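Report on one structure; see the data block that follows.
Bear in mind the structure is a predicted one, so any value in this text is a computation, not a measurement. Residues: numbered from 1 along the sequence shown.
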Amino acid sequence: MSVAMSALARLRALLAEAGLAFVEPPVLQPAGLFLDLAGEDIRRRLFTTSSSAGEELCLRPDFTIPVARLHLAGGRAGRQAAYAYLGPIFRQRSDAPAETLQAGAEWLGRADCEAADADALALAHAALGLFGLTRPRVRVGDEALFAALVDGLPLSAAWKRRLVPLFGEPDRLATALDRLSGRVAPVTSAVGPLAGLLGTTDTRAAGAALADLLKIAGLSPVGRSPVEIAERLVEEADLAGANGHGREAAAVIEGYLEISATLAEAADRVEEFARRQGLDLAAPLSAFRRRVQFAADRGLDPEEIAFSAAFGLKLDYYTGFVFEMHDPTRPGGDPVAGGGRYDRLLRLLGAEAAVPAVGFALWLDRLAGEETP
């Protein structure tokens with residue numbers, strides 16, 4: 001649905017009044033960044049092309065990565081900055097135009113993370129009000145809580161590395177938990193015995209041994225080095241190996257993912273669950289409670305916001321608090337706003353250390369409005 005110029009002007013004013021500097025990243029972006037860092041939903045919707053030098057490019061499918069690249073190009077990665085944007089993005093969509101307007105905000109380098117999270121949530125809420133959506137249906141989740149839960153379970157490092165990135169992808173996470181619990185037998189293959197042998201030594205030595213085997217066979221690895229192949233095989237052997245705790249750990253994770261409450265009562269619910277399971281979630285729960293208080297201080301009612309322990313966003317760089325907002329008059333419709341914390345993105349883009357970052361985007365084509373001029 002199109003959006004009126006008056007609404008866009010009010011939106012620009014609101015974002016500027018919040019202390020955000022408007023930026024306009026290039027429409028053409030390196031495709032590899034989105035292929036490596038964005039979620040599968042974005043990867044399969046890219047419009048790609050090539051430069052005259054052969055570089056693979058894409059039309060920007062969102063603004064977060066492009067804004068982060070602008071930030072990195074402008075000076076010290078850890079400096080504090082706040083950006084706003086309003087412009088077209090491009091995604092292949094069967095049910096809507098491929099080009100659509102998106103607006104949003106990004107805060108980078110703020111050390112007061114919970115306050116910044118609350119600012120993002122409150123500003124997104126206020127922005128929707130400019131389009132007549134004064135009481136959106138809001139849902140929040142927290143990958144940091146999930147990661148702390150998994151870290152506290154008696155699981156191998158390989159299993160912990162496998163599970164945490166699957167947060168926000170319920171089907172893939174369910175498949176992994178089926179495998180962890182033993183409800184689904186591990187896939188056997190010809191590499192099973194080799195993985196077991198490689199698992200008896202360090203991966204560098206295993207890679208050297210694998211390289212020797214390939215050389216004897218007259219083969220060359222394609223796409224990965226022998227060390228990378230050995231690491232993958234060792235990890236698969238670790239995932240397939242039973243450590244006696246898989247069934248219990250899967251049950252704990254599944255029980256946690258069933259927690260659903262208002263934001264006002266969510267921390268108490270999670271704390272009670274952790275106490276019953278003998279897990280220490282004190283640090284992430286303390287941050288969670290601070291965020292709830294900051295949101296309330298900014299005029300949001302925690303009783304009207306839903307928390308789902310299973311809710312995450314399908315983008316690979318999110319690290320903590322996430323949210324989405326829906327139009328309650330369109331049940332089952334796509335979100336009209338969404339965002340969250342993505343502290344690892346700038347490091348993945350080349351920063352020397354992680355940089356605190358949070359932001360949100362508005363899908364302007366999903367908001368009711370008058371005809372675009």
Q | Note, Leu163 side chain near Leu177 side chain (heavy atom, < 4.5 Å) | A | yes
Q) Are there more than 12 heavy atoms of other residues, nucleotides or ligands under 6.0 Å from atom CZ of Arg135? A) no
(Q) Looking at Gly54, is its backbone amide N or carbonyl O close enough to the side chain of Ser50 to form a donor-acceptor pair, meaning the two atoms are under 3.5 Å apart? (A) no
Q: Start with the C-alpha gap between Val184 and Thr175, add the side-chain angles, then the distance that decides, and say whether side chain to side chain contact (heavy atoms under 4.5 Å, CB included) holds.
A: CA-CA 8 Å; Val184 173; Thr175 298; over 6 Å; no
Q. His326 side chain to Gly333 main-chain N or O, any donor-acceptor pair under 3.5 Å?
A. yes
Q.
Ring-plane angle category for Phe360 and Phe323, please: parallel below 30°, perpendicular beyond 60°, tilted otherwise.
A. tilted
Q | Glu106 and Tyr342 side chains, donor-acceptor separation under 3.5 Å | A | yes
Q: Kindly check if the number of other-residue, nucleotide or ligand heavy atoms within 6.0 Å of CD (Glu352) is above 12?
A: no
Q. When you measure from the side chain of Arg366 to the backbone N and O of Asp334, does any donor-acceptor pair fall under 3.5 Å?
A. no
Q) Residues in side-chain hydrogen bond (donor to acceptor under 3.5 Å, both in side chains) with Glu272, at least two apart? A) Arg275
(Q) I need the Ser308 OG to Leu263 CG distance, nearest 0.5 Å. (A) 12.0 Å
Q. Leu364 versus Leu11: any side-chain heavy-atom pair under 4.5 Å?
A. yes
**Q.** Backbone of Ala118 reached by a side-chain donor or acceptor of Arg298 within 3.5 Å
**A.** no
Q | Exercise: do Arg69 and Gln29 side chains pair donor with acceptor under 3.5 Å | A | yes
Q. Side-chain contact, heavy-atom cut-off 4.5 Å: Val355 with Arg347?
A. no
Q.
Using 0.5 Å steps for rounding, measure from the CG atom of Leu166 to the NZ atom of Lys314.
A. 12.0 Å
Q) Any donor and acceptor pair, going by atom type alone, linking the side chain of Arg91 with main-chain N or O of Pro61 inside 3.5 Å? A) yes
Q. Any side-chain heavy atom of Val27 within less than 4.5 Å of one from Ile89?
A. no
Q) How many angstroms lie between atom CD of Glu254 and atom CG of Asp178, to the nearest 0.5 angstrom? A) 7.0 Å
Q. Is the closest side-chain heavy-atom distance between Val292 and Ile305 below 4.5 Å?
A. no
Q: From the options Phe321, Phe294, Phe307, select the one residue that forms a ring-ring contact (aromatic ring centres under 6.0 Å, His included) with Phe288.
A: Phe307
Q) Do Asp151 and Val164 come within less than 4.5 Å of each other through their side chains, counting heavy atoms only? A) no
Q. Is the backbone of Asp343 close enough, under 3.5 Å, to the side chain of Thr319 for a donor and an acceptor to pair up by distance?
A. yes
Q | N/O donor-acceptor pair under 3.5 Å between Arg79 side chain and His71 backbone | A | yes
Q. With the threshold set at 4.0 Å, does a side-chain nitrogen-carboxylate oxygen contact exist between Arg289 and Glu271?
A. yes
Q | Close side-chain approach of Val252 to Leu279, heavy-atom, < 4.5 Å | A | yes
Q: Identify the two heavy atoms, one from Leu349 and one from Ala68, that lie closest to each other, and give their separation to 0.1 Å.
A: CD1-CB, 3.6 Å
Q) Any chance the rings of Phe311 and Phe146 have centres within less than 6.0 Å? A) no
Q) Could Arg60 and Phe90 be counted as a cation-pi pair, given that NZ or CZ must be under 6.0 Å from the ring centre and within 45° of the axis? A) no
(Q) My understanding is that only residues two or more places apart in sequence, or in another chain, count here; which of them pass salt bridge (Lys or Arg N to Asp or Glu O under 4.0 Å) with Arg76? (A) none
Q) Given side chains that start at C-beta, do those of Tyr85 and Leu15 come closer than 4.5 Å, heavy atoms only? A) no
